[in-house]
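Input: a single structure, listed below in structure tokens.
Hydrogens, waters and symmetry mates play no part in the numbers below; they use all other heavy atoms, side chains included.
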Amino acid sequence: MQITVDLNLCESHGQCVFAAPEIFAFDDDDRLTYDAAPSDALREAAKRAAAVCPVRAITVLAGS
């Protein structure tokens, strides 16, 4: 699975952090960080995070 976040579109609402804290977090400077290639076991959490993003900045692609 591959996750991308359009950081130019992201407004740091943090909904992804609440939906999938195993994948998304804020660093000490309040910038979004994320695991771009998380385990497939986190697929549902990643999809939830993408769905709750108010600006639709998150894309989840299936792995090969």
Side-chain angles (χ1 to χ4, degrees):
M1 170 175 46
Q2 183 69 34
I3 295 176
T4 57
V5 177
D6 183 337
L7 295 175
N8 292 315
L9 192 58
C10 176
E11 295 177 351
S12 298
H13 291 280
Q15 296 305 306
C16 58
V17 177
F18 293 115
E22 312 89 346
I23 301 171
F24 300 93
F26 287 115
D27 67 12
D28 291 338
D29 295 321
D30 291 327
R31 288 184 300 234
L32 184 68
T33 63
Y34 64 99
D35 182 352
S39 162
D40 281 339
L42 296 173
R43 181 177 308 280
E44 289 306 312
K47 289 164 82 173
R48 268 194 316 276
V52 299
C53 178
V55 295
R56 302 293 184 240
I58 301 168
T59 303
V60 179
L61 300 172
S64 51

Backbone N/O of Ala25 and side chain of Thr33: donor-acceptor pair under 3.5 Å: yes
Euclidean distance, Asp40 CG relative to Glu44 CD, rounded to 0.5 Å: 11.0 Å
Phe18, CZ atom: more than 12 neighbouring heavy atoms under 6.0 Å: no
Any pair counted as salt bridge (Lys or Arg N to Asp or Glu O under 4.0 Å), so long as it reaches residues 16-28, sequence neighbours left out: Asp27-Arg31
Any donor-acceptor N/O pair, Arg56 side chain to Ala51 backbone, under 3.5 Å: yes
ILVMFWY cluster, Val17 and Leu7 together (side-chain gap under 4.5 Å): yes
Side-chain heavy-atom pair Ile58, Cys16 within 4.5 angstrom cut-off: yes
Residue pair Met1, Leu61: steps toward the side-chain contact (heavy atoms from CB on, under 4.5 Å) verdict: CA-CA 6 Å; Met1 170 175 46; Leu61 300 172; over 6 Å; no
Heavy-atom closest contact (Val60 atom, Ala50 atom, distance): CG2-CB, 4.1 Å
Ala19 to Pro21 - nearest heavy-atom pair and separation: C-CD, 3.7 Å
For Ser39, side-chain contact (heavy atoms from CB on, under 4.5 Å) partners two or more places apart: Ala41
Separation of Ile23 CD1 from Arg48 CZ (nearest 0.5 Å): 8.5 Å
Minimum heavy-atom distance Phe24-Ala49, with the two atoms named: CE1-CB, 3.5 Å
Distance-only polar pair, side chains of Gln15 and His13, donor-acceptor under 3.5 Å: no
Hydrophobic cluster (4.5 angstrom, side-chain heavy atoms) - remaining members for Leu9: Val55
Exercise: identify the closest heavy-atom pair between Tyr34 and Val5: OH-N, 3.3 Å
4.5 Å side-chain heavy-atom contact, Asp35 and Ile3: no
